[in-house]
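In what follows, a single structure is set out as structure tokens and then discussed.
So you know, we letter chains A, B, ... as the sequences are listed, proteins then strands, and number each from 1.
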Protein chains: 2
Amino acid sequence: MAVTIADVARHAGVSRSTVSYVLSGNRTISPETIKRVERSIAALGFRPHAGARSIRTRRTGVIAMALPMVHGPHNQVQMPYVWAALTAAQECGLKVLMLTDDDGEAAIRDVVSGAYADGVMLMEVQRRDPRIALLTGLDSPAVLVGTPDDPRGLPRVDFDFALAARTCAEHLHELGHTAVGYLGQPPEAFAKDVAYAVHARQSVLAALADRGQRGVWAPCEPTPGGVVRALDDLLARDPGLSALIVYNERILPLVLDRLAGLGARVPDDFSVIAICPDDEAERCDPPLTSVSLPAEALARAAVRSLARRIEGEELPAAALLAPELKIRASTGPRRRPGPPGTTR
Amino acid sequence: MAVTIADVARHAGVSRSTVSYVLSGNRTISPETIKRVERSIAALGFRPHAGARSIRTRRTGVIAMALPMVHGPHNQVQMPYVWAALTAAQECGLKVLMLTDDDGEAAIRDVVSGAYADGVMLMEVQRRDPRIALLTGLDSPAVLVGTPDDPRGLPRVDFDFALAARTCAEHLHELGHTAVGYLGQPPEAFAKDVAYAVHARQSVLAALADRGQRGVWAPCEPTPGGVVRALDDLLARDPGLSALIVYNERILPLVLDRLAGLGARVPDDFSVIAICPDDEAERCDPPLTSVSLPAEALARAAVRSLARRIEGEELPAAALLAPELKIRASTGPRRRPGPPGTTR
DNA sequence: CCGATGTGTCGAATCGATTCGACAGCGGAC
DNA sequence: GTCCGCTGTCGAATCGATTCGACACATCGG
């Protein structure tokens with residue numbers, strides 16, 4: 001049924017090996033022969049059989065992307081990473097096999113030792129991630145996306161949360177804010193010890209403390225009620241709060257709503273910095289000053305690293321991506337506390 | 001490096017073919033031999049090389065999932081489908097190769113004629129989808145998820161939008177609503193002729209007309225301003241509106257906010273039905289009466305169908321999934337029009 | 001006791017590609 | 001004119017599995 005290299009060879013009047021050398025360029029072939037073979041390939045629509053090829057070359061041209069199921073099936077945050085990874089992989093000439101881990105780690109082992117893929121990208125690595133031990137055991141090329149407590153020598157790629165936090169703290173510090181609230185992911189993310197949630201919170205609180213700013217934090221459910229409770233909680237614990245750092249895309253409009261409901265104008269009475277993708281920040285009213293975590297860049301870096309690792313290169317232990325501060329309309333100088341402004 | 005079937009055979013003291021027959025069960029093997037071979041397999045950690053296997057069996061155990069880039073890279077809606085498909089595939093013993101189509105259709109052709117995958121699931125099929133002609137040309141097993149104008153004989157799976165629309169219209173009809181507004185996806189979805197957006201709108205308007213109800217519709221951006229404009233537009237075109245059907249997950253809370261802002265209580269002054277996943281409907285305040293589109297079921301049906309198609313079965317031309325009406329707190333009988341209720 | 005009938009196992013061919021070693025032809029140096 | 005070296009091509013071995021045909025051996029009925 002399918003066209004094989006033998007069909008091409010016959011059609012072009014050369015041997016199979018010649019066709020193969022035209023394909024790989026591993027030996028010099030005369031220009032006329034190349035042309036003839038290429039014409040035959042095009043005429044017959046030949047594509048080398050990936051399986052057959054992989055058995056000699058020990059390369060499949062496929063990488064596996066292992067998504068953990070940390071937020072339940074309705075996780076909304078991962079798609080941009082997936083997209084970016086697919087695009088980056090395509091640019092590197094790689095295809096992507098997607099894995100979930102609801103079946104334990106069996107899928108990863110299958111894919112690696114069954115030679116379905118040349119390497120693995122572990123997405124959203126957790127602080128103590130059982131997949132790490134598995135991968136070091138399989139000694140397959142691998143890249144971690146996220147920061148575990150112990151990377152076991154595997155190269156990792158992540159956002160630079162420490163720098164992001166310092167950037168936020170610094171910006172608010174310059175504007176004169178001395179008491180800052182931090183709204184993070186839903187409580188279950190912290191309960192499950194989700195790595196980026198914990199790292200971001202730690203980094204923010206540490207950065208604030210470094211500059212002598214007061215900091216209080218709360219997790220936040222992505223519901224109107226959850227936002228009300230979380231904000232009330234923060235304000236009760238520090239009534240002098242004049243700024244907020246929010247790392248939770250889904251609650252941004254709700255937070256602005258609630259602040260308006262409390263009679264606080266943004267940025268006149270209250271400054272807000274979001275840690276989120278740019279388009280989410282721009283979509284809000286007013287557009288939010290934000291520190292953007294470049295998901296595309298992260299996924300791209302991970303794919304590129306893995307590609308290089310597969311080629312045999314040694315990689316640096318960690319590659320951290322710098323966040324970017326974009327000042328928009330939601331941050332301003334701290335006003336002396338006075339009567340709350342009028343609601344608009 | 002890797003363990004091959006020859007290693008297992010040597011370790012177990014049998015021939016390679018015997019090991020293979022133990023693996024496939026294609027010939028009777030004595031229980032003792034089976035036990036010995038299985039022990040060797042476990043001891044050596046042997047997994048058959050997928051590529052080598054695929055060249056004889058003409059099966060890879062992989063399916064391709066082709067996601068179109070219809071909403072830009074920040075599409076938030078597809079993840080549940082992806083999850084569900086991955087899970088369903090795992091249950092069927094299949095792995096999933098993900099494709100995007102930003103590279104044209106080359107990726108699909110590569111994967112199919114390069115024998116990377118046994119079949120293709122086309123996600124979010126558009127009304128005139130160029131991938132369809134490509135696939136019929138490649139004659140590879142395929143399943144369409146969505147409804148194109150011309151399926152070209154390919155089996156498809158989709159939500160039953162007509163039934164969903166009738167269900168909504170009927171429910172509102174019984175409650176006495178005679179003028180109903182429909183809020184759909186953002187304008188660009190209609191501009192690009194995105195199939196489900198167009199089909200849902202057509203179905204709703206037709207179902208309303210069938211029951212003698214008035215219907216007006218508008219697309220809607222997922223921003224506060226967009227919701228305000230869309231609602232104002234609907235109310236300007238039919239001031240007698242007493243109910244709303246919303247098919248756009250992201251705007252649900254914003255719509256409720258805006259209605260409250262207009263002084264309309266839900267459901268006393270205004271009924272709202274959402275077409276959305278259950279958890280989104282429950283998350284709102286008040287919880288929304290909804291017609292749920294079971295994304296998991298859709299993806300599962302698609303994967304199962306493809307698996308059967310790969311096994312050689314003929315499939316029905318279309319499999320439509322029935323939606324489910326869940327009555328919650330956002331729909332109620334139509335009141336005589338009077339002075340707007342007090343805001344809460 | 002002998003031939004027919006199964007059982008269980010093996011050797012060898014096969015799938016579709018890559019790659020090593022060999023070799024034919026050809027031009028240039030001596 | 002002969003020999004050397006280079007270029008371009010080919011045949012055959014190889015990768016890791018599956019599967020066909022054959023065969024050794026045990027079992028059973030007549």
Side-chain angles (χ1 to χ4, degrees), chain A residues 1-41 44-62 95 110-118, chain B residues 1-41 44-62 95 110-118:
Chain A
M1 190 82 254
V3 183
T4 75
I5 203 172
D7 300 323
V8 176
R10 203 173 313 122
H11 187 273
V14 298
S15 75
R16 302 208 306 281
S17 40
T18 303
V19 177
S20 177
Y21 287 124
V22 169
L23 247 35
S24 66
N26 284 347
R27 279 201 186 174
T28 53
I29 301 282
S30 72
E32 312 89 69
T33 306
I34 292 187
K35 191 135 285 174
R36 212 166 61 241
V37 169
E38 278 174 348
R39 240 193 292 276
S40 297
I41 288 178
L44 300 178
F46 166 73
R47 307 269 159 159
H49 187 285
R53 161 174 281 185
S54 77
I55 128 181
R56 291 245 32 177
T57 59
R58 314 214 138 279
R59 281 294 150 72
T60 61
V62 175
K95 311 202 182 305
D110 264 11
V111 158
V112 169
S113 34
Y116 284 90
D118 300 330
Chain B
M1 187 83 253
V3 182
T4 75
I5 203 172
D7 300 323
V8 176
R10 203 173 315 121
H11 187 274
V14 297
S15 75
R16 303 208 305 283
S17 39
T18 302
V19 177
S20 178
Y21 287 125
V22 168
L23 247 35
S24 67
N26 283 347
R27 279 201 187 172
T28 53
I29 301 282
S30 70
E32 313 88 69
T33 307
I34 292 187
K35 193 135 282 176
R36 210 165 62 240
V37 169
E38 278 173 349
R39 240 193 292 276
S40 298
I41 289 178
L44 300 177
F46 166 73
R47 306 268 159 159
H49 187 286
R53 161 174 281 186
S54 77
I55 133 181
R56 293 245 30 176
T57 59
R58 312 213 140 281
R59 281 294 151 72
T60 61
V62 175
K95 312 201 182 306
D110 265 12
V111 159
V112 169
S113 35
Y116 284 89
D118 300 330

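DNA chain C is contacted by both A:Arg16 and B:Thr28; B:Thr28 maps to the nucleotide lying nearer its 5′ end (nearest heavy atom per residue). Map B:Val14 and B:Arg56 each onto its nearest nucleotide of DNA chain C; the residue landing nearer the 5' end is B:Val14.
Rounding to the nearest 0.5 angstrom, the gap separating the OG1 atom in A:Thr4 from the CD1 atom in B:Ile55 is 10.5 Å. With values rounded to the nearest 0.5 angstrom, B:Ile5 atom CD1 is found 7.5 Å from B:Ile41 atom CD1. Annotation: the span from A:Glu38 atom CD to A:Lys35 atom NZ amounts to 7.5 Å, rounded to 0.5 Å. Rounding to the nearest 0.5 Å places CZ of B:Arg53 at 12.0 Å from CZ of B:Arg59.
Residue contacts for A:Arg59: at a heavy-atom cut-off of 4.0 Å it reaches no nucleic acid atom on any strand shown. In this structure, B:Ser20 reaches the bases: a heavy-atom distance under 4.0 Å links it to at least one base atom across the strands shown. Contact annotation for A:Arg58: backbone-only contact, meaning every heavy-atom pair under 4.0 Å involves sugar-phosphate atoms and none involves a base. Within 4.0 Å (heavy atoms only), A:Ser17 reaches at least one base atom of the nucleic acid.
Contacts of A:Arg16 classified as salt bridge (charged side-chain N to carboxylate O under 4.0 Å, His left out), with partners at least two apart in sequence or in another chain: none.
What separates CZ of B:Arg36 from P of C:dG8 is a distance of 14 Å, to the nearest Å.
The two residues A:Leu23 and A:Pro48 have their closest heavy-atom pair at CD2-CG, 4.4 Å.
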Query raised in the report: So A:Val14 and A:Tyr21, side-chain contact (heavy atoms from CB on, under 4.5 Å) or not? Walk me through it.
Result: CA-CA 11 Å; A:Val14 298; A:Tyr21 287 124; over 6 Å; no
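Taking a heavy-atom distance under 4.0 Å as the criterion, the stretch of DNA chain D touched by chain A extends 5' to 3' from D:dG8 to D:dG16.
A donor atom on one side chain and an acceptor atom on the other are not found under 3.5 Å apart for B:Ser17 and B:Ser20.
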Taking only N/O atoms, report every protein-nucleotides 22-28 of chain C pair under 3.5 Å with atom names and distance.
residue: C:dA22; atom: N6; partner: A:Arg27; partner atom: NH1; Å: 3.4

